Chemist: 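Supplied in structure tokens, the structure appears directly below.
These figures come from a predicted structure and were not determined experimentally.
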Amino acid sequence: MTGVTTEAPPAAVGARLTAALERGAGWPLTLAVTALAAAVRLPALDRPYPLVFDETYYVKDGWTLATLGYEAQWPPEPNPAFEAGLYDSHLDTAAFVVHPPVGKWLIGLGMRLLGGDDRVGWRIAVALAGILTVLLVVRAGRRLLGSTLLGGVAGTLVALDGTAIVESRVALLDGILAMFLIAAFAALLVDRDHAAAHLTRLAAGPPGAPPGTEIMDGTQAGSGFGPRLGLRPWRLLAGVLLGLALGTKWSALYFVAAFGLLSVGWDAAARRRAGVRRWWQGTLLRDALPAFASLVGVAAAVYVATWTSWFASAGSYGRQWAASQPGGNAVTDAIGSWWHFHAQIWNFHTTLEAEHPYSASPLGWIVQWRPTSFFYESPEPAGTLCGAERCAQAVTSLGNPFVWWLAAIALVAAIVLVVRRRDLTPVPLLVGVAAGWLPWFAYADRPIFAFYAVAFLPFLALLLAWAATALWRWSRDDDGLRRFVVLGYVVAAVLVVGAAVFFYPVWTGQVITFEQWQLRQWLQSWV
């Protein structure tokens, strides 16, 4: 029929928009989304005024670590004096700590840069880590999903999520951990593509070679295992980043294992696509051991190196333990003391039985069932501060509800499509979610908190972006369905942005009326 197109208008519009974004818009869009992340994380970074939640540990630990080379003890009830500017009132005696030093070093360096009494200095390191995380999500999404637009969507979801915003404005370790983890994942994506491209070039054979010529490496011609891929700097970089993540929190260990298996799996797929006859044997013989060395070995070496100041400082906690034992020498005493200290940390984490009102089962993390209240007070005078009889000032690590609720649906959909339709695109994202979430079920009897989920939030955001394009493909043959999907995109975008604006005051410690605070407690479990 005349005047009837073969493509529905929404598809045409979407195609034109996508094409425009893919033509040289990679870095402009990345920087725009990163600027959005900075705009919601940096203003009034010194609010609230006091130390918030576990800042009482990490800010003071960071300061003494950057000053003395080890975490030191403080006099009884040190926070009022510290908050008043007496940041050098620490003792020289080392304190027992239960997390490695990297995240605290970054917090301490921010304080050394801006001053121990500067609240922006307390939090600038985590703020920059949160902003960089958004940038990395955009770039990782662009490479994994093959779309600048989808990378931008995933980055925007992280930029507007409350858990990520709070973890970028409170000096805790989890936002720093998330940055290192997504950076390692991004590096592995680059390594995957470089390795696959190298195998493809080899598969083409030398100029003039007949089609089907077997890939050989010159040392074991005809083995059928395919070539060795040589030095892989991006995978080595991933190992360094995983070591830094492990040096921030031990929970990164699960990502080391998961990413190692993922990298080897990508190598196997690349060898098979390149036509290597014994592709899985070649993967085991030529890729598995280098992957282990590049990721596990390098991560372990970097992790040990992050303790350099502990080894170098005679006053570090437990540094002289082995010297009190029979035998030994300077080297073995240092290693023995370090190992004993690790045993103490492990014992703390595995035997802790304290209760906390905001402990949250990991089962509820995915829907933000029990977010953590980091700070709450009713400031006075209420009439002056908020114009009501009662004011509220809160910092709650509540994720953007619509990001998490939609991500929960996308997670189920991804598992179903992987199992039933063998769609392997979301598998790397499922691996990231599993590494950051599932291990915590083994520790459900000790105090754990919903904000730990920020470590796998980037993978959930990427999974949502993948789900958006999966819906688009699903609706391609039905004009009515396509319009319904477009409407769903618009509604989801409005809900996510609207929720970010609505909840922003309780993510950033703004003073609001008590009634306004109550309006933001949608579930009883949020109080």
Chemist: Just do the side-chain contact (heavy atoms from CB on, under 4.5 Å) check on Arg370 and Trp365 with the steps written out, would you?
Modeler: CA-CA 7 Å; Arg370 183 60 171 164; Trp365 293 1; over 6 Å; no
Chemist: A side-chain contact here means heavy atoms from C-beta on lying under 4.5 Å apart; do Val304 and Trp338 qualify?
Modeler: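 The answer is yes; the side chains approach within 4.5 Å.
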Chemist: Mark yes when over 12 heavy atoms from residues, nucleotides or ligands other than Trp250 sit less than 6.0 Å from its CH2; otherwise mark no.
Modeler: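 More than 12 within 6.0 Å, yes.
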Chemist: Which word best sums up how the rings of His340 and Trp321 line up, parallel for under 30°, tilted for 30 to 60°, or perpendicular for over 60°?
Modeler: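 Ring orientation of His340 relative to Trp321: parallel.
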Chemist: If you round to the nearest 0.5 Å, how far is OG1 of Thr425 from CG of Leu144?
Modeler: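 It is 7.5 Å, given to the nearest 0.5 Å.
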Chemist: If you compare all heavy atoms of Ala322 against all heavy atoms of Ser337, which two are closest, and at what distance to 0.1 Å?
Modeler: N-OG, 2.9 Å
Chemist: Give me the atom names and distance for the closest heavy-atom approach of Ala171 to Tyr58.
Modeler: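 Looking at all heavy atoms of both residues, the shortest contact is O-CB, 3.5 Å.
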Chemist: Okay, side chain of Arg123, backbone of Gly110: is any donor-acceptor separation there less than 3.5 Å?
Modeler: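 Absent.
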Chemist: Is there a donor-acceptor pair under 3.5 Å between the side chain of Ser397 and the backbone N or O of Thr372?
Modeler: yes
Chemist: Hey, are the side chains of Val137 and Ile182 touching, using non-hydrogen atoms and a 4.5 Å cut-off?
Modeler: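 The answer is yes, as the side chains (C-beta and beyond) meet within the 4.5 Å cut-off.
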Chemist: Quick check: do Leu363 and Phe441 have side-chain heavy atoms less than 4.5 Å from each other?
Modeler: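 Yes, close enough: below the 4.5 Å cut-off.
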Chemist: Is there a side-chain contact between Tyr443 and Leu352 (heavy atoms, below 4.5 Å)?
Modeler: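 They are not in contact (no side-chain heavy atoms under 4.5 Å apart), so the answer is no.
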Chemist: Flag the pair Gln368 / Thr163 as yes when at least one side-chain heavy-atom distance between them is below 4.5 Å, and no otherwise.
Modeler: yes
Chemist: Measuring from Leu237:CG to Leu295:CG, what's the distance to the nearest 0.5 Å?
Modeler: 10.5 Å
Chemist: Give the ring-plane orientation class for Phe503 versus Trp522, where under 30° counts as parallel, over 60° as perpendicular and anything between as tilted.
Modeler: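 Judged by the thresholds at 30° and 60°, the geometry between Phe503 and Trp522 is perpendicular.
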Chemist: Return yes if some donor-acceptor pair links the side-chain N/O of Ser147 with the main-chain N/O of Leu150 below 3.5 Å, else return no.
Modeler: yes
Chemist: Is the backbone of Asn400 close enough, under 3.5 Å, to the side chain of Asp161 for a donor and an acceptor to pair up by distance?
Modeler: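 It does hold such a pair.
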Chemist: For Ser309 and Gly69, indicate whether the former's side chain and the latter's backbone hold a donor-acceptor pair under 3.5 Å.
Modeler: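 The answer is yes, because a donor-acceptor pair under 3.5 Å joins these two groups.
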Chemist: Ion pair present between Asp267 and Arg235, side-chain N to carboxylate O less than 4.0 angstrom?
Modeler: yes
Chemist: In this structure, are over 12 heavy atoms from other groups packed under 6.0 Å from Trp405 atom CH2?
Modeler: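 Counting neighbours around CH2 of Trp405, more than 12 heavy atoms of other residues, nucleotides or ligands fall under 6.0 Å, so yes.
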Chemist: About how many Å separate OG1 of Thr64 and NZ of Lys104, when rounded to the nearest 0.5 Å?
Modeler: 8.5 Å
Chemist: Run the side-chain contact (heavy atoms from CB on, under 4.5 Å) check on Val170 and Phe375 step by step: do they pass?
Modeler: CA-CA 10 Å; Val170 176; Phe375 174 82; over 6 Å; no
Chemist: Pair Arg139, Trp27 - check side-chain contact (heavy atoms from CB on, under 4.5 Å), show working.
Modeler: CA-CA 9 Å; Arg139 303 308 294 179; Trp27 274 110; 3.4 Å; yes
Chemist: Search all heavy atoms of Ala410 against all heavy atoms of Ala467 and return the closest pair with its distance.
Modeler: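 For Ala410 and Ala467, the tightest heavy-atom pair comes out as CB-CB, 3.8 Å.
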Chemist: Is there side-chain contact between Phe185 and Pro428, with at least one heavy-atom pair below 4.5 Å?
Modeler: yes
Chemist: Check the surroundings of atom OH in Tyr303: do more than 12 heavy atoms from other residues, nucleotides or ligands lie under 6.0 Å from it?
Modeler: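 More than 12 heavy atoms, drawn from other residues, nucleotides or ligands, come within 6.0 Å of this atom.
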Chemist: Indicate the atoms forming the closest heavy-atom contact of Ser316 with Ala94, along with that distance.
Modeler: C-CB, 3.7 Å
Chemist: Would you say the side-chain atoms of Trp437 pair up with the backbone N or O of Ala453, donor to acceptor, closer than 3.5 Å?
Modeler: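 No, because the side chain of Trp437 does not come within donor-acceptor range (under 3.5 Å) of the backbone of Ala453.
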Chemist: Is Ser525 reaching over with its side chain to a backbone N or O of Trp369, donor-acceptor style, under 3.5 angstrom?
Modeler: yes
Chemist: Treating Arg142 as the side-chain partner and Gly151 as the backbone partner, does any N or O pair qualify as donor plus acceptor under 3.5 Å?
Modeler: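 It does not hold such a pair.
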Chemist: In Å, rounded to the nearest 0.5 Å, how long is the span from CZ of Arg272 to OG1 of Thr283?
Modeler: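 These two atoms lie 11.0 Å from each other.
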Chemist: Counting distance only, does the side-chain N/O of Ser263 pair as donor-acceptor with the main-chain N or O of Gly260 below 3.5 Å?
Modeler: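 Checked: no pair found.
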Chemist: Quick one: CG on Leu136 to CG on Leu189, what's the gap to the nearest 0.5 Å?
Modeler: 11.0 Å
Chemist: Does Thr248 form a side-chain contact (heavy atoms from CB on, under 4.5 Å) with Phe180? I'd like the steps, not just the answer.
Modeler: CA-CA 9 Å; Thr248 301; Phe180 284 130; 3.7 Å; yes
Chemist: Kindly give the heavy-atom pair with the smallest separation between Leu172 and Val126, and that separation in Å.
Modeler: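 Result for this residue pair: O-CG1, 3.3 Å.
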Chemist: Closest heavy-atom contact between Leu242 and Phe259?
Modeler: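 Smallest heavy-atom distance, with atoms named: CD2-CD1, 3.8 Å.
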Chemist: Working to the nearest 0.5 Å, report the span between CD1 of Ile131 and OG1 of Thr34.
Modeler: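 Atom-to-atom, Ile131:CD1 and Thr34:OG1 are 8.5 Å apart.
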Chemist: Would you mind telling me which of Leu398, Val367, Leu457 makes a side chain to side chain contact (heavy atoms under 4.5 Å, CB included) with Trp404?
Modeler: Leu457
Chemist: Do Leu231 and Leu236 touch side chain to side chain, with heavy atoms closer than 4.5 Å?
Modeler: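 Yes, their side chains come closer than 4.5 Å.
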Chemist: Assess the side chains of Arg169 and Thr508: does a donor N or O sit below 3.5 Å from an acceptor N or O?
Modeler: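 Looking only at side-chain atoms, Thr508 and Arg169 do not form any donor-acceptor pair under 3.5 Å.
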Chemist: Between Phe53 and Phe449, does the ring centroid distance fall short of 6.0 Å?
Modeler: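 Yes, ring centres under 6.0 Å apart.
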Chemist: Would you please indicate if the ring centroids of Tyr317 and Tyr70 are separated by under 6.0 Å?
Modeler: no
Chemist: Using 30° and 60° as the class boundaries, would you call the ring planes of Trp507 and Tyr504 parallel, tilted or perpendicular?
Modeler: perpendicular
Chemist: Taking the six-membered ring for Trp, are His349 and His99 parallel (under 30°), tilted (30 to 60°) or perpendicular (over 60°)?
Modeler: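 The arrangement is tilted - the two ring planes meet at 30° to 60°.
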Chemist: Measure the shortest side-chain to side-chain distance between Leu262 and Leu188 over non-hydrogen atoms and say whether it is less than 4.5 angstrom.
Modeler: no
Chemist: Please check if the number of heavy atoms outside Tyr376 that lie under 6.0 Å from its OH is greater than 12.
Modeler: yes
Chemist: Between the side chain of Gln281 and the main-chain N/O of Phe225, is any donor-acceptor distance below 3.5 Å?
Modeler: no
